[in-house]
Amino acid sequence: MRVRFAPSPTGELHIGGLRTALFNLLFARRHCGRAILRIDDTDRERSREEHLMSILESFSWLGLTFDEGPVQGGPYGPYRQSERLALYRDVLDKLVAEGKAYPCYCSAETLEASRKEQLKAGKTPRYAGTCRHLTPEEHAEKDKAGIRPVYRLKVDREEPLVVHDLIRGKVVFQPDQLDDFVIMKSDGTPTYHLASVIDDALMKITHILRAEEHLSNTPRHVLLFEALGTTPPQFAHVPMILAKDRSKLSKRHGATSVEAFRDLGYLPEALVNYSLLLGYAPPDDREHFHWEELAKTFELDRVAKHPAVYDTDKLRWMNAYYMRTLPLERIFEEARPFLIKAGYVDRTFTSDDERSLTLRRIDAVRERVSTLLELVDGLAYFYRPIQSYDEKGVRKHFSKPDVAAHLRRAARDLTALTVWDLDSTERVFRQTIEDLGISGGALIHPTRLAISGRTVGPGLFDIMVLLGKDETIKRMVEAADWIEAHSSGERHISVEDDAPSSS
RNA sequence: GGCCCGUUGGUGAAGUGGCUUAACACACCGCCCUUUCACGGCGGCAUUCAGGGGUUCGAAUCCCCUACGGGUCACCA
């Protein structure tokens, strides 16, 4: 059992491509077969080396590996079609010699005109077969005139062509829909149809799992396999992925490639796991799993026939799950480039202490964010002075009469501490609250705002410990200064007091 | 326009003739937990399976038609 995923390097790895690749990998694992990665780069104009690199990098980042492919090689290489061009020529020559293919000199304009006409008449555009019966003399004449021909496959099918799709069931195509299609372009490179079929045959592919957009191409491929004297493999066409408005997912909908989601701070585990939930229903209610785990029970008949809408809300939820459950080191590894970019950490840590402190800070913040980008944001106040205090927080927590004094008092009490940990900070802080005779919230909330600038975040004492004694006290005093500086003049804002006030 | 595929809630979906007064998850709305946020827990959210006809004792599940959505008709893959 052999399957292949065959992207063309004309762009980054698309989110739909990822899922198709995943299904191939799953299917191969399930049946102890081999998964092949093949690069279909016969389009000289649009194929780019950088895109190939980007696709390979995406797979490696996702932790997905194929059994054979351009990087690891294999017995059926090379795995880039651009390196197999001679092969296709040989096959074409053979087809021509056998009378199964012929050169066509029709101009693009003529063909286009004919196509338009047929379309207008409500018919399926088909090639008229003009060049089919050209004599050798006429060939020579055209060649001499410098016309570079394309080659077409001679199609004489009269019976309906039936495809037994493993996902869709029986699909019938009528012979009047088929025509002599182009298999070799005038520049000597094969069309997708030719190259793909030759390689699938040569690479002994047994099952083709690909996107639904290829369903209509399948009859052509079956015809080619037959012309080659090979039995066609089995086909399975997976449904497409749509955007929220039910149209085809495109750039205007935001991120559509693996790379783009990576830049937005999504984790490979989440991207892969979520992709698997689209158009596929695991046998049980579990939603979190590694793809290799799902492979154990993977069945094509559980793949949906209808397209699915990509729901980034659910992706976020999935990502948040992995943010808080993956090993801390894993999160750190993925967060690192983001932290460096933000300037919070160096490429190389100056000390182990600094590294472990960063790890602890990440651990405190990660369970309340959904993406790595949000993680970086949630870490900001540990690495940067406070830019501003949350506005709503100021109204709510900085406007009460004695806050500044309370903050100073708490700062002073904390200064006495020699051991700066969770227990001691909380003990002293609670004592201050008691001494002041106020409610816990009346001091906790202003302090949180003072040292983080925010009203939300990890537990207050966690923040204190992770921020360090000096910085904590400094920020409390600064906040007290700030409050006093901003409370002069008209300061009769009556604030809705939800915390029971002092006695 | 021809051909092909599809249609269960805002979204992903379970469901393959009676066990369904349609699972589960995301989102949303309440409540609880909590110094905040998040996590977690509990509850609410489709009188109905695009619409209409049939078949059947019985249909979301089988058949037909209509509507809608998508794919494809390239010297792109």
Side-chain angles (χ1 to χ4, degrees), chain A residues 6-10 40-43 45-47 104 108 111-112 115 118-126 148-152 163 165 167-169 171-174 176-177 179 181-193 195-196 210-219 237 239-240 242 244 246-248 274 277-288 301-302 304-318 320-321 324 365-370 378 393 397 429 433 439-445 447-449 452 454-461 499:
Chain A
S8 69
T10 52
D40 283 11
D41 56 353
T42 52
D43 184 344
E45 268 101 81
R46 299 199 305 148
S47 292
C104 167
L111 294 172
E112 185 55 31
R115 188 177 305 129
Q118 296 184 65
L119 227 37
K120 217 167 120 186
K123 288 190 291 198
T124 297
R126 299 169 70 212
R148 308 285 305 143
V150 299
Y151 283 82
R152 292 178 181 272
V163 176
D165 189 282
I167 291 175
R168 279 147 216 284
V171 183
V172 182
F173 298 88
Q174 295 306 321
D176 64 358
Q177 300 300 314
D179 72 346
F181 58 97
V182 176
I183 55 178
M184 183 71 80
K185 308 175 210 168
S186 55
D187 66 357
T189 58
T191 61
Y192 159 72
H193 307 299
S196 164
R210 54 170 26 164
E212 186 194 319
E213 55 192 297
H214 289 300
L215 183 55
S216 316
N217 286 327
T218 308
H237 290 91
M240 310 205 41
L242 305 178
K244 205 130 202 174
R246 296 218 140 253
S247 71
K248 204 171 173 180
Y274 178 63
L277 254 27
L278 282 180
Y280 186 73
D284 55 29
D285 281 345
R286 295 189 46 221
E287 301 224 287
H288 300 295
D301 60 13
R302 296 194 73 85
K305 296 178 177 66
H306 55 270
V309 172
Y310 207 77
D311 182 3
T312 41
D313 275 336
K314 189 152 183 177
L315 208 215
R316 280 177 60 79
W317 164 77
M318 184 65 81
Y321 169 81
R324 61 175 188 272
V365 178
R366 66 161 166 170
E367 61 186 55
R368 47 206 97 216
V369 296
S370 297
H397 309 301
F429 202 80
I433 287 166
S439 70
L443 188 55
I444 286 172
H445 294 303
T447 304
R448 168 191 300 284
L449 189 59
S452 76
R454 310 186 185 196
T455 57
V456 303
L460 179 64
F461 307 107

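If you're wondering where the values come from, they're calculated on a predicted model, not measured in any experiment. Throughout, protein chains are lettered first and strands after them, A, B, ... in sequence-line order, and every chain is numbered starting at 1.
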Margin query: Closest-nucleotide mapping onto RNA chain B: is Arg286(A) or Val309(A) further toward the 5' terminus? I mean the 5' end.
Written below: Val309(A)

Item checked: Distance between C1' atoms of rC42(B) and rG10(B) (Å, rounded) -> 23 Å

Checklist line | For atom CG of Asp179(A) and atom C1' of rC3(B), their distance in whole Å | finding: 13 Å

Margin query: In whole Å, I'd like the distance from the CG atom of Asp311(A) to the C1' atom of rC26(B).
Written below: 6 Å

Check: With sequence neighbours left out, what residues match Arg152(A) under side-chain hydrogen bond (donor to acceptor under 3.5 Å, both in side chains)?
Finding: none

Item checked: Between C1' of rG1(B) and CD of Gln177(A), the distance in whole Å -> 12 Å

Next item on the list: Could you pull out all residues at least two apart from His306(A) that satisfy side-chain contact (heavy atoms from CB on, under 4.5 Å)?
Entry: Ala304(A)

Notebook entry, point to check: What string of B, S and - do you get for nucleotides 64-77 of chain B 5' to 3' if you count protein non-hydrogen atoms under 4.0 Å?
Noted result: ------SBSBSBBB

Checklist line | Integer angstrom distance from the C1' of rC31(B) to that of rA23(B) | finding: 24 Å

Margin query: Below the 4.0 Å mark, does rA25(B) have OP1 or OP2 next to a side-chain nitrogen or oxygen of His288(A)?
Written below: no

Note to self: Rounding to an integer number of angstrom, what distance separates rU20(B) and rA13(B) when you compare their C1' atoms?
What the structure shows: 16 Å

Checklist line | Pairing residues for Tyr321(A) by the side-chain contact (heavy atoms from CB on, under 4.5 Å) criterion, not counting sequence neighbours | finding: His288(A), Arg324(A), Thr325(A)

Check: Once you round it to whole Å, what is the distance between C1' of rA13(B) and CG of Asp284(A)?
Finding: 13 Å

Checklist line | Atom pair distance, as rounded to whole Å: OH in Tyr310(A) and C1' in rA13(B) | finding: 16 Å

Margin query: From NE2 of His306(A) over to P of rU11(B), roughly how many Å is that when rounded to an integer?
Written below: 11 Å

Check: Quantified in whole Å, what is the C1' atom distance between nucleotide rC68(B) and nucleotide rA27(B)?
Finding: 25 Å

Note to self: Under 3.5 Å for both donor-acceptor distances, Watson-Crick or wobble: does rC24(B) have a partner, and if so which one?
What the structure shows: rG12(B)

Next item on the list: Kindly write out the residues that satisfy side-chain contact (heavy atoms from CB on, under 4.5 Å) with Ser47(A), not counting sequence neighbours, or none if the list is empty.
Entry: Pro9(A), Thr10(A), Asp41(A), Asp43(A)

Notebook entry, point to check: Looking at residues at least two apart in the chain, or sitting in another chain, which of them share a salt bridge (Lys or Arg N to Asp or Glu O under 4.0 Å) with Asp301(A)?
Noted result: none

Next item on the list: Look at all strands and tell whether Asp313(A) reaches a base, only sugar-phosphate, or nothing, counting heavy atoms closer than 4.0 Å.
Entry: sugar-phosphate

Checklist line | Base of rA25(B) paired with side chain of Lys314(A) (donor-acceptor, under 3.5 Å) | finding: yes

Notebook entry, point to check: Are any of the side-chain heavy atoms of His237(A) and Val171(A) separated by less than 4.5 Å?
Noted result: no

Item checked: Note, Arg246(A) side chain near Val309(A) side chain (heavy atom, < 4.5 Å) -> yes

Checklist line | Nucleotide opposite rA59(B) in a Watson-Crick or G-U pair, distances under 3.5 Å | finding: none

Checklist line | Pairwise C1' distance for rU16(B) and rU72(B), with rounding to whole Å | finding: 29 Å

Item checked: Sugar-phosphate only, base, or nothing, as touched by Arg366(A) at under 4.0 Å among non-hydrogen atoms -> nothing

Margin query: Tell me every residue that passes side-chain contact (heavy atoms from CB on, under 4.5 Å) with Pro458(A), counting only those two or more places apart in sequence or in another chain.
Written below: Ala364(A), Val365(A), Arg368(A), Tyr381(A), Asp462(A), Ile463(A)

Look for any protein N or O under 3.5 Å of an N or O in nucleotides 59-63 of chain B and output each such pair with its distance, or none.
none

Item checked: Gap between atoms CD and C1', on Gln174(A) and rC3(B) respectively (whole Å) -> 9 Å

Next item on the list: State the pairing partner of rU66(B); accept Watson-Crick or G-U wobble contacts with both distances under 3.5 Å, and report none otherwise.
Entry: rA50(B)

Check: Does Asp40(A) have any salt bridge (Lys or Arg N to Asp or Glu O under 4.0 Å) partners at least two apart in sequence or in another chain, and if so, which?
Finding: Arg38(A)

Next item on the list: Could you state the atom-to-atom distance from CD of Gln118(A) to P of rC3(B) in whole Å?
Entry: 15 Å

Check: How does each nucleotide of nucleotides 30-44 of chain B score, in 5' to 3' order, for protein heavy atoms under 4.0 Å: base (B), sugar-phosphate only (S), or none (-)?
Finding: -----BBBBSS----

Notebook entry, point to check: Given that both distances must come in under 3.5 Å, which nucleotide forms a Watson-Crick or G-U wobble pair with rC73(B)?
Noted result: rG1(B)

Note to self: Work out how far the P atom of rU56(B) is from that of rG70(B), and round it to whole angstrom.
What the structure shows: 38 Å

Margin query: Can you check the distance between rG51(B) and rG69(B), where both ends of the measurement are the C1' atom (answer in whole Å)?
Written below: 15 Å

Check: What are the two closest non-hydrogen atoms of Lys185(A) and Thr42(A), and how far apart are they?
Finding: NZ-O, 3.2 Å

Note to self: Between Thr191(A) (side chain only) and Val182(A) (backbone N and O only), is there a donor and an acceptor less than 3.5 Å apart?
What the structure shows: yes

Check: Of all residues at least two apart in sequence or in a different chain, which pass the side-chain hydrogen bond (donor to acceptor under 3.5 Å, both in side chains) check with Arg316(A)?
Finding: Ser370(A), Glu374(A)

Check: rC26(B) and rC19(B): how far apart are their P atoms, nearest whole angstrom?
Finding: 27 Å

Check: What residues, two or more places apart in sequence or in another chain, satisfy salt bridge (Lys or Arg N to Asp or Glu O under 4.0 Å) together with Arg115(A)?
Finding: Glu112(A)

Check: Can you tell me the Watson-Crick or wobble partner of rU35(B), both distances under 3.5 angstrom?
Finding: none

Notebook entry, point to check: If each of Leu277(A) and Lys305(A) is mapped to the nucleotide of RNA chain B with the nearest heavy atom, which maps nearer the 5' terminus, i.e. the 5' end?
Noted result: Lys305(A)

Check: Hey, does the side chain of Tyr274(A) reach the backbone of Asp311(A) with a donor-acceptor pair shorter than 3.5 angstrom?
Finding: yes

